[in-house]
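What follows is a single structure, written as C-alpha cells, with notes after it.
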Amino acid sequence: MFIQTTNQKSFNQLQNDWHPIAIAAVTLPGTMQSITLLGQSLVLWCDDNNNFHLWLDQCPHRGMKLSLGTIQENQLVCPYHGWRFKPSGKCSYIPSLPQLLEDNLKGCVRQFKLLVKYGLIWGCLGEPVGDIFPYPEFDEKSRRIVFCGPYDLAASGPRIIENFLDMSHFPFVHEGILGDQSKMDIPDYQVEAFSDDIYGEGIRATKCFSWQPKASKKSNQPELVEYAYRVVHPFSAILNKQSSGQSSTSDGLADAISLHLQPVEPTITRAWIIMALNDFEHSEQELREFQDLIFLQDKSIVEHQEPKLLPLNPDAEVSVVSDRLSIAYRKYLKTNNLQYGVINHLAL
Ligand code: FES
Ligand code: CO
C-alpha cells in the first residue's frame, strides 16, 4: 500500500492533487478501463452522453471489481450479482430483488473528482487544492498537439522527472540523436524560482545549450539547441527547445514537450507526454515514434537507479555544477513537503 512507504504528509498532498489518467479523445462512450492511482484501484468509464466517471473499482455489494463488468443501457453492471449502477453512481437495479424500487436501493459506488484539461483526463482522490498548472504552449496556433505514451515504468516519479531535467546524459543515453560524444560539455545555465500569471509557479532553467545530432524528427543537420525547462508540479515538467539564435520561425525548431506522471505506486509510474510542436510535415505516428525511441532509452536508465526513491538529503548522492537543475528540483520537492517515497532515506 502506498501509504506505508511514503510519509503521511506527502500522501495527503498527492491525494489532493490532480493526476493524469487517460487521453480524453480515446476514452469513448460505452467503454471503461481500470486505472491505478496512488495505490487505489479505480474504474474510469464514459457514458452515452460522453461524460466521464471515475469510481472506486469496488462494488458496494461484495467488493467485486466493477471494471470486469459491462456497460448496458448506459449503466455499469457488476459481473458478480448483476447489480446495476447509473452514471450518478447510484444502484438502480438488483436482479435478485427485482421488485425493489430504485428509490429504496441504497447501494452507491464511491466516486472521485475528475476534469479534462490539455486533452487528458485528470483525477483526484481527495479534495483538489488548486487548479492544474498553466501550459500556454498547448493553445498556441503555431503548434500542433501530439500525445505520446502512456509509458509504464518501474521507477519512482521524482527519478523520472529528474531525468527529464538532466542534459548531461544526452551523449550517453541518446547518442547520435540528442547527444554527441565529441561535444559533451554543458555550459553554465540559470536556475530560478518563478511565479507569474502566464506560467504559474515552480522552478525553471533557461539558456541551457546542447549540441544535438538530430534535435527533432524534422532536423536534418546537427545544431546547437537552446533548452528552457520548467517544473510546474512535483510530477509535471515542461521543456521548450529551439534552434539557438532563432525565434519560433516555421523552419527553425520550436518544440514544447511536457511530461506528466501518474503515480501508480511509489516505484511504479505511468508517464504521459503532450508535445506542442511546430512540425506540421510529419505524421503523428512518425512524431510519436521519434519520442517513443527517446523515452524508451530513458526508461532503461530510470528503472535501474538505486535507491528507487529519490534521496533528498544533499549528501546522499554526489552532484556537480551541471546538475544545478536537478539539485533545485530536489530542493523544490523538499520545500513543497513532498518527501515522496524517501522515508527510508531521511529521518522524518
Ligand atoms: Fe457486485 Fe454483488 S459484488 S453485485
Ligand atoms: Co533522456
Side-chain angles (χ1 to χ4, degrees), residues 32 34 41-43 45 55-72 75-86 89-98 100 102 105-111 148-149 151 153 155 157-181 184 186 205 208-217 225 227 229 231 237-241 255 257-261 269 271-273 275 289-305 322-323 325-326 329:
M32 64 177 150
S34 96
S41 297
L42 308 170
V43 55
W45 70 285
W55 292 0
L56 190 67
D57 196 4
Q58 193 177 313
C59 179
H61 179 219
R62 287 294 176 267
M64 179 61 194
K65 270 181 106 60
L66 292 167
S67 58
L68 296 174
T70 51
I71 296 172
Q72 292 173 32
Q75 302 196 39
L76 215 150
V77 183
C78 179
Y80 195 3
H81 310 97
W83 288 26
R84 291 171 178 250
F85 300 93
K86 301 205 298 194
K90 193 173 179 320
C91 180
S92 66
Y93 182 67
I94 296 179
S96 59
L97 294 166
L100 276 190
E102 190 181 323
L105 303 179
K106 44 184 185 176
C108 195
V109 187
R110 184 156 169 220
Q111 301 176 70
C148 298
Y151 306 100
L153 300 107
R159 283 280 189 204
I160 299 167
I161 294 290
E162 193 180 71
N163 170 70
F164 184 76
L165 304 174
D166 179 286
M167 301 184 91
S168 57
H169 74 281
F170 290 170
F172 297 92
V173 182
H174 310 297
E175 229 252 298
I177 310 172
L178 305 183
D180 176 342
Q181 293 204 2
M184 297 199 287
I186 305 277
C208 312
F209 290 94
S210 165
W211 179 262
Q212 306 205 325
K214 186 163 176 62
S216 72
K217 179 69 190 168
V225 180
Y227 275 64
Y229 293 94
V231 177
I238 299 167
L239 69 79
N240 272 272
K241 56 192 288 188
D255 289 349
I257 298 176
S258 65
L259 173 67
H260 311 287
L261 305 182
T269 305
W272 305 83
I273 287 180
M275 303 195 293
E289 280 170 3
F290 184 81
Q291 190 58 41
D292 286 350
L293 171 66
I294 293 179
F295 203 85
L296 293 177
Q297 291 172 332
D298 287 318
K299 175 178 157 89
S300 71
I301 298 296
V302 296
E303 290 190 334
H304 297 98
Q305 287 175 280
S322 49
D323 297 320
L325 180 53
S326 133
Y329 174 59

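Atoms within a ligand are numbered from 1 in the order they appear, just like the ligands themselves. Worth saying up front: this structure is predicted, and the values here are computed from it rather than measured. Only heavy atoms go into these numbers, but all of them, side chains included; no hydrogens, no water, no symmetry mates.
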Could you list which atoms of ligand 1 come closer than 4.0 Å to a heavy atom of C59? 1 (Fe), 3 (S), 4 (S)

For Q58 and S41, which I'm curious about, is there any donor-acceptor pair between the side chains at under 3.5 Å? no

Using distance alone, with no hydrogens and no angle criterion, decide if Y229 and N240 have a side-chain donor and acceptor under 3.5 Å apart. no

Yes or no on side-chain contact (heavy atoms from CB on, under 4.5 Å) for W45 and W55, after CA distance, side-chain angles and deciding distance? CA-CA 8 Å; W45 70 285; W55 292 0; 3.5 Å; yes

Just by distance, no angles: are the side chains of D166 and S326 close enough, under 3.5 Å, to form a donor-acceptor pair? no

Are any side-chain N or O atoms of K90 and backbone N or O atoms of F85, one a donor and one an acceptor, separated by less than 3.5 Å? no

Less than 3.5 Å apart, any donor N or O on the side chain of Y151 or Q291 sitting next to an acceptor on the other? no

Is ligand 1 under 4.0 Å from a heavy atom in the side chain of Y80, in the backbone, in both, or in neither? side chain

Heavy-atom side-chain contact between P158 and Y329 under 4.5 Å: yes

Protein N, O or S atoms less than 2.8 Å from the Co ion (ligand 2), ignoring waters? H169 NE2, H174 NE2, D298 OD1, D298 OD2

Could you pull out the atom name of the N/O/S atom in H61 that is nearest atom 2 (Fe) of ligand 1? ND1

Taking atom 1 (Fe) of ligand 1 as the point of reference, which of G107, C78, P60 owns the nearest heavy atom? C78

How close does the nearest protein non-hydrogen atom get to atom 3 (S) of ligand 1, and which residue and atom is it? R62 N, 3.3 Å

Quick one: pull up CG in L165 and CG in L325 and give me the separation to the nearest 0.5 Å. 4.5 Å

Check for me whether the distance between the ring centres of W83 and H61 falls short of 6.0 Å. yes

Quick one: look up the protein heavy atom nearest atom 2 (Fe) of ligand 1 and list residue, atom name and how far away it is. H81 ND1, 2.0 Å

